[in-house]
Amino acid sequence: MFILLVFLIKIKHTLKKPLQILLFLFLVLFGCTNERKQNKNVNLNSSVDSLSIYLSLAKDLNLPLSYKQKYNQKALDIINAQKDDSIKKVNLFKVANRYFNMNDWESYKKVSRLVLEKSLVSKDSANIAKGYVYLGDYYQAQAISDSAFLNYFKAEKVFLGINDEFNIAKTLLTKADLQLSEGDFFESEITIFKALKILKEKKDVSNLLYDSYNLLGILYNEREEYDKALEFHNKALLILDDKSIPSDTQLKSTSLNNIGFVYLKMHNFNLAKIYFKRGLEQENLFTGNTVLYAMLLDNLAYAKFKSKEFTALPEQFYDALKIRDSLKLESGIILNKIHLSEYYAFERDTLKAIQFSKQALNLSRTSNNSKNTLDALKQMAVVDPENSSRYSREYIKINEKLQREERKMGEKFSRIEYETSEIKDQNSNLQEKNKTLVYVFSICTLVGLFFYVYKTQQARNRELLFKQQQQIANEDIYNLMISQQNEIEATRIKEKKKVAQELHDGVLGRMFGVRISLDSLDKIDEVEAAAKRKKYLTELKYIEEDIREISHDLNREKSELINNFIVILNKLFENQQNIYDSKLITTFDSHIKWDLVSNAVKINLYRIVQEALQNCNKYANANIITVEFKSEINYLVLSIFDDGIGFDTKRTKNGIGLHNIEYRAAECKGSVTIKSAKGEGTFLMIKVPIDQKLNLQHT
């Protein structure tokens with residue numbers, strides 16, 4: 001029944017095709033015979049036959065679009081019921097092709113995505129690449145150039161992975177055509193020559209060589225390098241002498257039209273006419289490629305007009321326009337009407353000239369074709385001089401926008417190539433090579449790891465050596481500071497000792513003599529003299545005691561000042577107060593025996609105080625800074641507090657200043673405590689262990 005139904009539909013649309021009628025009569029008889037069989041194998045064969053018939057009907061040019069879409073959907077339903085294998089993918093591509101020819105773009109995209117997904121699941125590299133090409137064709141048809149380029153680029157990478165040079169070259173040419181259409185001439189030229197490099201080493205690739213030379217001819221014509229354009233168009237024409245290229249493709253007419261177009265741009269209108277006429281004379285051109293026929297006819301009419309030959313004009317323009325109208329070729333219609341506008345402007349029929357020019361402009365605006373709009377605006381400015389300034393301004397605005405878009409698209413193409421990740425190699429024939437690469441990579445990794453460990457160890461050793469040298473340098477710096485302080489204090493002590501000696505040997509001696517002399521007055525019985533003498537003696541004793549006390553104090557100060565760590569800190573505090581506005585309060589616990597604290601600890605404490613003050617000055621914005629040294633059981637405690645802006649200790653990572661403080665505290669085997677909050681100031685406490693027993697012995 002199914003075969004009979006198909007036959008009835010077919011006979012309705014193909015009454016003038018006796019061969020097809022006979023074929024379907026045979027299928028009817030064959031189908032009726034098979035319907036008597038009920039086993040599984042017969043059902044399978046019927047499914048295959050049905051698929052073949054549906055696919056055949058879906059590409060029948062004599063059927064309405066709705067019928068072809070319905071048959072293609074039925075074919076798709078049968079394919080979806082089949083098991084996933086290579087045959088299923090082949091049939092899915094056939095369905096996609098038919099949707100492409102119907103211009104049913106959404107269905108075409110849907111099927112192309114389906115076959116790509118199945119190919120990705122089965123890791124079928126060849127069909128993965130083909131799926132990307134199909135999707136690229138979809139986006140190119142929809143004028144979504146960046147997505148088209150991305151899919152072509154992915155396809156190219158997969159073809160590279162399986163070393164399919166034929167399809168690599170084919171995909172490169174597709175990319176080049178896309179780049180050319182977007183005005184990226186430089187990259188298009190590079191891509192074409194990449195394809196040619198592959199093709200020149202291959203056999204039986206005449207059709208791709210033709211495409212390469214033809215694209216180069218168009219490209220150089222766009223760049224107004226007319227000699228090169230003619231060179232490559234003639235090369236393309238010579239390629240067509242190869243009998244392996246089917247004559248029904250009308251490629252010869254295409255090349256003749258392209259050569260004529262170059263001469264047209266060179267204003268060599270007589271040569272242009274010759275090539276356009278030769279193109280029109282090719283066999284079966286009208287039926288084989290109606291679009292090309294209309295283009296050649298319009299170009300010939302325009303060349304005749306420009307060369308002042310008016311035979312068959314404007315009829316040829318109208319003939320070409322009629323064909324293009326019937327095929328709804330918007331770009332061709334716009335160009336045709338611009339040519340007619342030019343023709344009527346020459347004939348001084350201003351009304352018709354403006355009429356055709358306006359029609360071309362309105363159509364170009366609705367079709368969003370900027371290049372066509374520019375051509376129409378240019379013609380409008382000529383035929384309508386009163387409004388030429390308005391058209392010129394619009395022309396300049398659109399032209400600048402078009403140039404920006406072309407630059408952006410070229411940059412986008414380059415970015416896609418740069419950012420798209422490499423497709424992994426999925427060819428089983430390369431497994432051995434991959435193993436070798438894994439071995440080499442493993443060995444290189446081990447060697448690299450060895451050198452990394454070696455270099456890391458060297459770096460650690462250098463760091464340790466640097467720390468040791470730094471510690472020694474710190475000790476030397478501190479000793480120099482102590483030595484300098486000792487020299488200063490020694491000079492001061494020397495002077496004080498001299499004063500003390502003078503007081504002791506000079507003043508005290510004289511005072512002692514006076515006291516003896518006064519003491520001798522006791523033998524005189526003068527009541528008044530005795531009273532005065534006792535008074536003077538008492539006073540002299542007081543003076544003697546004061547001078548002796550001063551002398552002893554001066555001698556004691558020597559031992560207290562030598563190696564006095566507090567003196568060095570006070571100099572630091574003095575500099576702080578002289579330079580910065582914040583008030584500095586310092587406190588030292590008198591129970592700390594600094595002579596029992598090692599120089600290494602003193603150095604680190606000094607540097608910690610220095611670093612903390614620097615942080616306060618740079619970041620805290622504090623009014624008051626307090627520095628306190630105090631002694632606790634088994635610990636020396638340094639506390640630094642400021643009333644500045646503070647910071648969040650949980651969110652703020654340690655800077656180099658805080659890191660240095662923690663490092664120096666660790667060097668002293670001490671601990672660091674930091675408490676701070678925004679707006680509440682900062683409290684820093686350093687606890688360093690000390691030998692309290694030694695301190696107690698000297699308390």
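All values below come from the heavy atoms of this structure, side chains included, with hydrogens, waters and symmetry mates left out. If you read the sequence from its start, that first residue is 1, and numbering goes on from there.
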request  = Indicate yes or no: does Arg223 engage Glu189 in a salt bridge with an N to O separation below 4.0 Å.
outcome  = yes
task = Give the intermediate values and the outcome of side-chain contact (heavy atoms from CB on, under 4.5 Å) for residues Val111 and Leu76.
result = CA-CA 9 Å; Val111 178; Leu76 180 60; 4.1 Å; yes
query = Do Tyr152 and Asp137 have side chains that get closer than 4.5 Å, going by heavy atoms?
reply = yes
key: Heavy-atom closest contact (Ala96 atom, Ser112 atom, distance)   = CB-OG, 4.1 Å
inquiry  = Checking side-chain polar atoms at under 3.5 Å, does Tyr302 have a donor or acceptor matched by the opposite partner on Gln316?
reply    = no
Leu172 side chain near Ile192 side chain, heavy-atom distance below 4.5 Å = no
ask   = Just wondering, do Lys157 and Lys154 contact through their side chains at under 4.5 Å, heavy atoms?
value = no
Pro385 backbone acceptor or donor facing Ser388 side chain under 3.5 Å = yes
query = If you take all heavy atoms of Ala58 and Met102, which pair is closest and at what distance?
reply = O-CE, 3.3 Å
query = With a cut-off of 6.0 Å (strictly less than), are more than 12 heavy atoms of other residues, nucleotides or ligands near NZ of Lys88?
reply = yes
query = Does the side-chain contact (heavy atoms from CB on, under 4.5 Å) test come out yes or no for Arg393 and Ser389, once each step is laid out?
reply = CA-CA 6 Å; Arg393 285 195 299 271; Ser389 59; 3.9 Å; yes
query = Is there a donor-acceptor pair closer than 3.5 Å between any side-chain N or O of Asp164 and the backbone N or O of Phe159?
reply = no
key: Sole residue of Glu156, Lys175, Gln179 in side-chain hydrogen bond (donor to acceptor under 3.5 Å, both in side chains) with Thr191   = Gln179
ask   = Would Ser367 and Ile334 count as a side-chain contact (heavy atoms from CB on, under 4.5 Å) if you check the C-alpha gap in whole Å, the side-chain angles of each, and the deciding distance to 0.1 Å?
value = CA-CA 10 Å; Ser367 63; Ile334 293 166; 4.1 Å; yes
key: Where Tyr134 and Tyr108 come nearest, the two heavy atoms and their spacing   = O-OH, 2.9 Å
ask   = Relative to Tyr71, does Lys74 satisfy both conditions: NZ or CZ under 6.0 angstrom from the six-membered ring centre, and within 45 degrees of the ring's axis?
value = no
query = Between Leu230 and Ile259, does a side-chain contact (heavy atoms from CB on, under 4.5 Å) hold up when you go through it step by step?
reply = CA-CA 6 Å; Leu230 290 172; Ile259 294 171; 3.9 Å; yes
message = Surrounding NZ of Lys265 (heavy atoms of other residues, nucleotides or ligands, distance under 6.0 Å), is the total greater than 12?
response = yes
request  = Using side-chain hydrogen bond (donor to acceptor under 3.5 Å, both in side chains) as the criterion, point out the one residue from Arg98, Gln69, Lys68 that pairs with Asp104.
outcome  = Gln69
inquiry  = With a 4.0 Å cut-off on N to O distance, would you call Lys228 and Glu231 a salt bridge?
reply    = no
key: Within residues 160-202 or reaching into it, pairs that qualify as ring-ring contact (aromatic ring centres under 6.0 Å, His included) - sequence neighbours excluded   = none
query = Are the side chain of Asn151 and the backbone of Ser147 linked by a donor-acceptor contact shorter than 3.5 Å?
reply = yes
key: Approximate separation, where rounding is to 0.5 Å, of Asn91 CG and Ile87 CD1   = 7.5 Å
ask   = Taking atom CD1 of Ile144 as the centre, does the number of heavy atoms from other residues, nucleotides or ligands within less than 6.0 Å exceed 12?
value = yes
query = Would a distance-only check, ignoring hydrogens and angles, find a side-chain to backbone donor-acceptor pair under 3.5 Å from Asn289 to Leu285?
reply = no
ask   = Quick one: are Arg365 and Leu361 in side-chain contact, heavy atoms under 4.5 Å?
value = yes
note = When rounded to the nearest 0.5 Å, the distance separating OH of Tyr275 from CG of Asn257 is 13.0 Å
task = Starting at CD1 of Ile239, measure out to CG of Leu209 and round the result to the nearest 0.5 Å.
result = 5.0 Å
note = In this structure, CG of Asn72 is separated from NZ of Lys59 (nearest 0.5 Å) by 11.5 Å
inquiry  = Could you tell me if the side chain of Leu296 sits less than 4.5 Å from the side chain of Ser253, heavy atoms only?
reply    = yes
Backbone of Glu283 reached by a side-chain donor or acceptor of Gln250 within 3.5 Å = yes
ask   = Between the main-chain N or O of Met380 and the side-chain N or O of Asp384, is there a donor-acceptor pair closer than 3.5 Å?
value = no
ask   = Looking only at heavy atoms, what is the nearest atom pair of Ala376 and Ser364, with distance?
value = CB-OG, 4.2 Å
query = Does Lys89 reach the main-chain N or O of Lys118 with its side chain, forming a donor-acceptor pair under 3.5 Å?
reply = no
ask   = More than 12 heavy atoms of other residues, nucleotides or ligands under 6.0 Å from CG of Asp204: is that the case?
value = no
query = Distance-only, no hydrogens or angles: does the Asn336 side chain make a donor-acceptor pair with backbone N or O of Phe317 under 3.5 Å?
reply = yes
message = Under the ring-ring contact (aromatic ring centres under 6.0 Å, His included) definition, can you give me all pairs with a residue in residues 346-376, not counting sequence neighbours?
response = Phe305-Phe346, Phe310-Phe346, Tyr344-Phe356
request  = Examine distances only and state if a side-chain atom of Thr366 and a backbone atom of Leu363 form a donor-acceptor pair shorter than 3.5 Å.
outcome  = yes
request  = Please answer whether the main-chain N or O of Lys337 pairs with a side-chain N or O of Ser341 as donor and acceptor at a distance below 3.5 Å.
outcome  = no
ask   = Looking at CG of Asn97 and CG of Leu92, how far apart are the two atoms once the value is rounded to the nearest 0.5 Å?
value = 11.5 Å
message = Is it the case that over 12 heavy atoms from other parts of the model lie below 6.0 angstrom from the NZ atom of Lys235?
response = yes
remark   = Correct closest heavy-atom pair for Ser125 and Val158 would be O-CG1, 3.2 Å
Nearest heavy atoms of Leu219 and Ser188, plus distance in Å = CD1-OG, 3.5 Å
ask   = Is there side-chain contact between Trp105 and Tyr99, with heavy atoms separated by less than 4.5 Å?
value = no
Distance in Å, Asp375 CG paired with Ile338 CD1, rounded so as to fall on 0.5 Å steps = 5.0 Å
key: Those residues that, when tested against Tyr318, pass ring pair (Phe, Tyr, Trp, His ring centres under 6.0 Å) (two or more places apart)   = none
Non-hydrogen side-chain atoms of Phe261 and Leu264 separated by less than 4.5 Å = yes
query = Side chains of Leu216 and Leu196: does their closest heavy-atom pair fall under 4.5 Å?
reply = yes
